[in-house]
Every structure is written in C-alpha cells, then in structure tokens.
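Note that the structure is a prediction, hence the values are computed from the model and not measured.
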Amino acid sequence: MKFKDEIKKQGYVRYKGAVDASVYEYFNCDCSWKAVWYLKDGHYQCCGCKEKCETSDPDGFQLFLDLGE
C-alpha cells in the first residue's frame with residue numbers, strides 16, 4: 001500500500017492551502033515542486049518524495065478562519 005493511501009486511512013485530508021518557502025527551507029527540501037501535503041489534527045505530513053517530512057508547527061502554512069455558524 002502506498003504511504004499516501006495509508007495516511008488517508010488514518011484520517012488525513014489533502015491540505016490545499018499555501019505553503020511558504022520557509023517550510024521547504026527548514027526541511028532542506030530539494031524538490032518542493034513535488035510537495036503534496038496532508039493534514040490531521042494540526043499535524044502536517046508531506047507525501048511528495050521519499051523523505052515524508054512532517055511537522056506540527058503551523059508556521060508557514062496558510063491559516064483558514066473557522067466561520068462555523
């Protein structure tokens with residue numbers, strides 16, 4: 001089973017917000033153009049390459065307002 005499928009089974013959803021270049025600099029990412037981020041409970045997981053970078057630090061990730069009405 002692919003890693004991406006595994007984390008989807010765990011409840012991760014595709015993160016569609018903007019990711020700042022500082023995130024890729026922090027991870028020394030050479031292939032940011034391949035990045036595919038997933039999110040679950042404030043935990044970010046990338047599936048873009050074999051490194052599978054992950055973080056719980058929201059710095060550099062676009063925040064969304066929860067307008068729950």
Name each donor-acceptor pair under 3.5 Å that joins a side chain in residues 9-17 to protein atoms two or more places apart or in another chain, with its distance.
unit_1: Tyr15; atom_1: OH; unit_2: Ala18; atom_2: O; d: 3.3
unit_1: Tyr15; atom_1: OH; unit_2: Gln62; atom_2: N; d: 2.8
unit_1: Tyr15; atom_1: OH; unit_2: Gln62; atom_2: O; d: 2.8

- Query: Are any of the side-chain heavy atoms of Val23 and Trp37 separated by less than 4.5 Å?
  - Reply: yes
Hits for side chain to side chain contact (heavy atoms under 4.5 Å, CB included) against Asp57, two or more places apart or cross-chain, chain-then-number order -> Thr55, Asp59
Kindly work out whether a path of hydrophobic side-chain contacts (I/L/V/M/F/W/Y, heavy atoms less than 4.5 Å apart) joins Leu39 to Tyr26.
yes
Heavy atoms of Trp33 and Asp30 approach each other most closely as NE1-O, 4.1 Å
message = Taking Tyr38 as the starting point, is it possible to reach Phe61 by hopping between hydrophobic residues whose side chains are less than 4.5 Å apart?
response = no
N/O donor to acceptor pairs below 3.5 angstrom from side-chain atoms of residues 45-54, sequence neighbours left out:
unit_1: Gln45; atom_1: NE2; unit_2: Lys52; atom_2: O; d: 3.0
unit_1: Gln45; atom_1: NE2; unit_2: Cys53; atom_2: O; d: 3.3
unit_1: Glu54; atom_1: OE1; unit_2: His43; atom_2: NE2; d: 2.9

Joint cluster assignment, Phe3 & Val36, ILVMFWY side-chain distance < 4.5 Å: yes
